[in-house]
Structures are given as structure tokens and as C-alpha cells.
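For reference, the structure is listed below as C-alpha cells.
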Amino acid sequence: MPDGDGFALDLDSLRAAITPKTRLLLVNSPHNPTGTVLSRADLTAIAELAIEHDLYVMSDEAYEHLYFGGHEHISLSTLPGMFERTIVISSAAKTFSVTGWKIGWACAPAPLLDAVLAAKQFLTFVGGGPFQPAVAHALNNEQPWVAALRDTLSEKRLRLSAALAEAGFGVKRSDGTYFVCADITPLGASDAYDFCRELPERLGVAAVPVSVFADDKPAWNHLVRFTFCKKEETIAEGVRRLRAGHHADAVR
């Protein structure tokens with residue numbers, strides 16, 4: 001849920017959502033679309049609920065290396081009592097900027113992994129075979145490159161966030177992933193879906209309404225998601241257009 005200049009885990013809502021029929025929790029940190037990185041305290045609270053209700057957990061950690069500003073990524077599977085009940089999913093797409101390769105992995109105890117493999121065989125026939133040795137090499141040898149990528153993305157995050165704030169958006173803090181969310185209500189707008197449909201024509205900049213990711217769409221329809229995983233020249237041009245649009249509105 002929105003919380004000040006960022007987002008926070010609504011633990012009360014999570015607790016209330018668990019029923020006797022619940023078998024599995026799906027957790028995503030660092031989180032898309034909000035850019036939230038769950039703290040150790042948050043993850044511990046989730047782990048306690050999973051243990052209390054004897055639940056499995058699917059932990060989506062695809063952005064595990066993309067965290068900023070002194071935050072850290074903690075895998076839920078490393079907390080006490082969680083290894084035997086957690087499936088960790090990650091991906092080369094985000095870590096190594098090879099989204100089109102569609103190469104990822106799941107880590108879990110053998111009984112849980114057997115269940116994953118049983119389901120996977122009915123979803124895709126095979127992954128990109130030639131890419132898998134390259135990903136294995138990168139995992140073992142290219143962590144310095146990943147750290148450099150993280151630093152570059154962090155700088156782009158700050159530049160884009162500053163430009164959005166200058167343009168009048170209510171910018172939310174991004175602690176991870178490569179997304180930053182912004183509130184459109186300071187601009188006098190209230191419908192993020194319509195706002196995002198009009199933005200390319202107005203400024204030549206694209207964004208995604210956060211409501212498309214939510215079940216409770218009205219509660220999130222004042223937020224839009226921008227991305228900063230772009231080339232330097234693309235970021236610079238986007239910033240220029242945002243500033244130009246802000247100045248044009250000010251003249252009006």
C-alpha cells in the first residue's frame with residue numbers, strides 16, 4: 001500500500017486474506033511495479049504467517065540484484081523454517097539485461113521442485129538451449145558487471161525521479177527494480193489510465209497506470225509507473241520532454 005514517499009507491506013490485509021483454503025503465498029521483492037524492497041522485518045512477518053498456517057511460499061526474486069540506496073535483498077528462503085517450504089524464482093532477464101532470452105530458474109527442496117517441473121512441462125516445451133550455458137557462465141563470473149549495472153541504474157533512477165518531481169508529479173521512492181512510480185493528483189489529474197493514454201501524444205513519453213496490476217483498481221488509479229532501464233540518450237530525451245511539458249503547462 002502507498003505509505004508516505006514509498007510503499008509498505010499491509011501485513012493486516014495479508015493476515016486477513018489467509019483462509020483455511022490457502023495453500024501458498026506469492027511474494028515479490030524487489031517488487032514490480034512499486035520498486036519496494038521488503039525489509040528483514042517484513043520478510044520475517046511473512047515467514048511467521050507461512051509457518052503458523054503451514055503454507056508454501058513462491059518467492060519471485062527476479063530483481064534480486066537490482067536494489068539501491070543502502071537497501072539489501074534478503075531471500076525469504078534463508079529465514080528460519082522457510083527453506084523447506086519456499087520456491088525461489090529468479091531470472092537472467094533482469095540481472096543481465098537479456099529479457100528476450102526468457103531464461104530463468106527455480107530453486108527449492110527436491111519435493112517442491114518436482115512439482116514445479118511437473119507443471120512446467122505443460123507450459124513450455126523447452127527453454128532457449130543455446131543461452132543456458134551463457135547464463136551459467138554469467139552467474140559464476142559476471143557479478144562485477146551486475147554491480148556496475150546496478151550503479152548505473154541507480155543514477156538513472158535519481159535523474160528520472162528528479163525530472164518527474166520538477167514536472168509536478170508526486171514521486172514515490174524506488175528502492176529496487178528499474179521502475180519508479182509517481183502520483184498524478186498534484187498535476188490536477190485523477191485517472192491514471194486516461195492520463196497514460198494521453199501522455200505519448202502530449203509529451204512523447206510513455207508510462208503505465210499502476211491500476212492495471214491491481215485487483216482494487218480505483219485505489220491505485222492515481223499512480224503511474226515509469227522505467228529507467230533505458231539508454232543514456234533515451235533517459236536524457238525523456239527528461240527533456242518532461243521538463244518541456246512542465247514549462248509549457250506553467251506558461252498556460
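Considering only heavy atoms from C-beta on, Val146 comes within 4.5 Å of Gln143 through its side chain. Residues Phe228 and Ile235 meet the side-chain proximity criterion, which asks for heavy atoms closer than 4.5 Å. Side-chain contact between Val180 and Arg225 is absent, with no heavy-atom pair separated by less than 4.5 Å. With a 4.5 Å cut-off on side-chain heavy atoms, Met82 and Ile46 do not count as touching. In this structure the side chain of Asp216 reaches within 4.5 angstrom of the side chain of Pro218, judged on heavy atoms. At least one side-chain heavy atom of Leu203 sits less than 4.5 Å from a side-chain heavy atom of Leu242. A heavy-atom distance below 4.5 Å is found between the side chains of Val210 and Cys181.
When the side chains of ILVMFWY residues are joined at heavy-atom separations under 4.5 Å, either directly or via intervening members, Ile18 and Leu9 end up in a single hydrophobic cluster. Both Val171 and Leu187 are assigned to one and the same hydrophobic cluster, defined by single-linkage of ILVMFWY side chains at heavy-atom distances under 4.5 Å. Note: the hydrophobic cluster containing Leu164 does not contain Val208 (ILVMFWY, side chain heavy atoms under 4.5 Å, direct or indirect links). A single hydrophobic cluster is seen to contain both Val27 and Leu14, as judged by linkage of ILVMFWY side chains at heavy-atom distances under 4.5 Å, directly or through other members. Residue Ile74 is grouped with residue Leu38 when hydrophobic side chains (ILVMFWY) are merged at heavy-atom distances under 4.5 angstrom, including chains of intermediate members.
The closest donor-acceptor contact from the side chain of Asn221 to the backbone of Leu223 lies at 3.5 Å or more, if one exists at all. Of the possible polar contacts, none joining the Asp54 side chain to the Ala50 backbone as a donor-acceptor pair under 3.5 Å is found. Side chain of Arg241 to backbone of Gly204: a donor-acceptor contact under 3.5 angstrom is found. Looking at Asn28, its side chain never comes within 3.5 Å of a backbone N or O of His31 through a donor-acceptor pair. Remark: the backbone N or O of Cys196 is not paired with any side-chain donor or acceptor of Asp194 at under 3.5 angstrom. For the pair Ser174 (side chain) and Gly176 (backbone), a donor-acceptor distance under 3.5 Å is present. At least one donor-acceptor pair under 3.5 Å links the side chain of Arg85 to the backbone N or O of Gly81. With hydrogens and angles disregarded, no donor-acceptor distance shorter than 3.5 Å links the side chain of Ser59 to the backbone of Leu76. Between the side chain of Thr177 and the backbone N or O of Pro30 there is no donor-acceptor pair closer than 3.5 Å.
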Carefully, step by step, assess Tyr178 and Arg157 under the rule side-chain contact (heavy atoms from CB on, under 4.5 Å). CA-CA 7 Å; Tyr178 37 58; Arg157 164 190 64 118; over 6 Å; no
Evaluation steps, side-chain contact (heavy atoms from CB on, under 4.5 Å), between Ser190 and Ile184: CA-CA 7 Å; Ser190 59; Ile184 62 172; 5.9 Å; no
Check the pair Glu155, Asp151 against side-chain contact (heavy atoms from CB on, under 4.5 Å), reporting the backbone distance first and the verdict last. CA-CA 6 Å; Glu155 192 274 334; Asp151 291 342; over 6 Å; no
For the pair Arg40 and Asp42, evaluate salt bridge (charged side-chain N to carboxylate O under 4.0 Å, His left out) and give the outcome as yes or no after the intermediate values. CA-CA 5 Å; Arg40 183 175 294 274; Asp42 287 334; over 6 Å; no
For Phe96 and Trp145: C-alpha separation, side-chain torsions, deciding distance, then whether side-chain contact (heavy atoms from CB on, under 4.5 Å) applies. CA-CA 8 Å; Phe96 301 112; Trp145 184 91; 4.2 Å; yes
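Taking each heavy atom of Val37 and Tyr67 in turn, the nearest pair found is CG2-CB, 4.3 Å. The two residues Ala108 and Thr86 have their closest heavy-atom pair at CB-O, 3.7 Å. Between Ser154 and Phe68, the shortest heavy-atom distance links the atoms CB-CD2, 3.5 Å. Between Asp183 and His222, the closest heavy-atom pair is OD1-O, 3.2 Å. For the pair Leu49 and Leu55, the tightest heavy-atom approach, listed with the atom from each and the gap, is O-CD1, 4.4 Å. Considering all non-hydrogen atoms of both residues, Gly168 and Pro186 come closest at O-CB, 3.3 Å.
No more than 12 heavy atoms of other residues, nucleotides or ligands shown are found within 6.0 angstrom of OH on Tyr193. Around atom CD of Glu233, more than 12 heavy atoms belonging to other residues, nucleotides or ligands sit under 6.0 Å away. Surrounding CZ of Arg15 are more than 12 heavy atoms belonging to other residues, nucleotides or ligands, all under 6.0 Å away.
Ring geometry, Tyr63 versus Phe179: the interplanar angle exceeds 60°, so the pair is classed perpendicular (tilted spans 30 to 60°). Phe131 and Trp101 have parallel rings, their planes meeting at less than 30° on a 0 to 90° scale where 60° marks the start of perpendicular.
Considering Leu26, Leu25, Ile87, Leu24 as possible partners of Tyr56, the one that fulfils the side chain to side chain contact (heavy atoms under 4.5 Å, CB included) test is Leu24. Among the candidates Glu61, His65, Glu64, the single residue satisfying the side chain to side chain donor-acceptor pair (under 3.5 Å) test with Ser90 is Glu64.
Atom OG1 of residue Thr95 and atom CG of residue Leu139 lie 7.5 Å apart, to the nearest 0.5 angstrom. Between the NZ atom in Lys94 and the CG atom in Asn32 there is a gap of 7.0 Å [rounded to 0.5 Å]. Expressed to the nearest 0.5 Å, how far CG of Leu113 lies from NZ of Lys120 amounts to 12.0 Å. How far CG of Leu153 is from OG of Ser97: 6.5 Å, rounded to the nearest 0.5 Å. Of the inter-residue distances, the one linking Glu48 atom CD with Leu79 atom CG reads 9.5 Å to the nearest 0.5 angstrom. Distance check: Trp220 CH2 to Ser211 OG gives 10.5 Å after rounding to the nearest 0.5 Å.
At a cut-off of 3.5 Å, with distance as the only test, no side-chain donor of Lys156 or Thr152 sits close to an acceptor on the other residue.
Between Lys217 and Asp215, none of the side-chain N atoms (NZ, or NE/NH1/NH2) sits under 4.0 Å from a carboxylate O, so this pair counts as no salt bridge. A salt bridge links Arg159 with Glu232: the closest approach of a Lys/Arg side-chain nitrogen to an acidic carboxylate oxygen falls below 4.0 angstrom.
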